[in-house]
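Report on the following structure.
The shown structure was predicted, so the numbers you read here are calculated from the model rather than taken from an experiment.
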Amino acid sequence: QVQLVESGGGSVQAGGSLRLACAASGFIVSTSCMGWFRQGPGKEREGVAQIDGFGGTRYADSVKGRFSISRESAENTLTLQMNSLKPEDTAIYYCAAKLWRTCSGADWNYWGQGTQVTVSS
């Protein structure tokens with residue numbers, strides 16, 4: 001059974017940090033394309049960051065230099081370290097998987113339930 005469960009969301013002041021985690025079961029995170037997405041109030045869902053099965057990463061321009069995606073292989077967990085948070089980062093954050101080494105090889109067909117991140121000014 002493929003499952004993704006996000007955790008680590010919460011409320012922080014602008015400039016603060018949060019670390020999100022996505023615990024996976026039913027597949028191996030370190031050899032899969034994994035991604036973080038977010039949807040803010042009244043906004044479209046957008047891709048935040050992704051990491052492929054070879055360790056290659058990509059980031060949305062809006063989070064470059066502030067966010068870092070990584071994997072905790074021993075825990076089969078995907079993480080998103082978020083620093084220098086801004087109010088515009090407020091959103092529900094979702095992790096997703098393609099169950100494929102390359103991020104261009106399949107749709108994002110597995111999703112977690114989301115975790116709320118709220119950044120106040």
Side-chain angles (χ1 to χ4, degrees):
Q1 310 87 356
V2 172
Q3 287 188 310
L4 300 170
V5 181
E6 301 96 334
S7 62
S11 298
V12 297
Q13 293 288 318
S17 298
L18 282 174
R19 187 174 180 88
L20 306 183
C22 174
S25 60
F27 71 101
I28 300 174
V29 166
S30 63
T31 57
S32 302
C33 174
M34 305 291 299
W36 286 98
F37 295 78
R38 68 185 182 186
Q39 186 167 19
K43 299 179 180 179
E44 299 278 304
R45 184 189 67 190
E46 64 174 340
V48 175
Q50 68 179 30
I51 183 168
D52 63 28
F54 307 99
T57 59
R58 292 181 61 190
Y59 297 91
D61 288 342
S62 59
V63 307
K64 286 180 180 177
R66 300 189 298 120
F67 291 11
S68 180
I69 188 170
S70 61
R71 302 172 299 202
E72 299 285 348
S73 296
E75 292 76 31
N76 204 39
T77 297
L78 178 75
T79 65
L80 183 69
Q81 179 66 46
M82 305 186 295
N83 299 323
S84 301
L85 283 162
K86 305 174 180 179
E88 49 262 47
D89 295 319
T90 295
I92 301 174
Y93 284 71
Y94 301 89
C95 66
K98 293 190 174 185
L99 304 188
W100 195 256
R101 284 186 180 267
T102 61
C103 289
S104 61
D107 294 332
W108 298 99
N109 55 351
Y110 293 95
W111 295 83
Q113 83 289 347
T115 186
Q116 177 70 49
V117 171
T118 302
V119 184
S120 59
S121 60

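Applying side chain to side chain contact (heavy atoms under 4.5 Å, CB included) to L80 and the options V63, V117, L20, T115 leaves one that passes, L20.
Sorted by first and then second residue, the ring-ring contact (aromatic ring centres under 6.0 Å, His included) pairs with a member in residues 99-121 read F37-W108, F37-W111; sequence neighbours excluded. Listed by first then second residue, pairs satisfying disulfide (SG to SG under 2.5 Å) with a partner in residues 42-94 number zero, not counting sequence neighbours. Pairs passing the salt bridge (Lys or Arg N to Asp or Glu O under 4.0 Å) check and including a residue from residues 10-37, sequence neighbours excluded, read R19-E72. Here ring-ring contact (aromatic ring centres under 6.0 Å, His included) pairs that include residues 46-70, with residues two or more places apart or in two chains, number zero. Listed by first then second residue, pairs satisfying salt bridge (Lys or Arg N to Asp or Glu O under 4.0 Å) with a partner in residues 3-15 number zero, not counting sequence neighbours. Under the disulfide (SG to SG under 2.5 Å) criterion, the residue pairs touching residues 4-62 are C22-C95, C33-C103, with sequence neighbours excluded.
For the atom pair CE of M82 and OH of Y93, the computed distance is 5.0 Å after rounding to the nearest 0.5 Å.
For S84, the side chain to side chain donor-acceptor pair (under 3.5 Å) test picks out no residue, with sequence neighbours left out. The side chain to side chain donor-acceptor pair (under 3.5 Å) check on Q13 picks up S120, with sequence neighbours excluded. When the side chain to side chain donor-acceptor pair (under 3.5 Å) test is applied to N109, no partner is found at least two apart in sequence or on another chain. Under the salt bridge (charged side-chain N to carboxylate O under 4.0 Å, His left out) criterion, E88 pairs with no residue, sequence neighbours left out. Applying the salt bridge (charged side-chain N to carboxylate O under 4.0 Å, His left out) criterion to R58, with sequence neighbours excluded, gives no partner residue. Evaluation of the side chain to side chain donor-acceptor pair (under 3.5 Å) rule for D61 yields K64 as partners, not counting sequence neighbours.
Panel note: side chain T31, backbone G53; no donor-acceptor pair is recorded below 3.5 Å. Between the side chain of N76 and the backbone N or O of F27 there is at least one donor-acceptor pair closer than 3.5 Å.
Using modelled atom types, one finds a donor on one side chain and an acceptor on the other under 3.5 Å when comparing S17 with N83.
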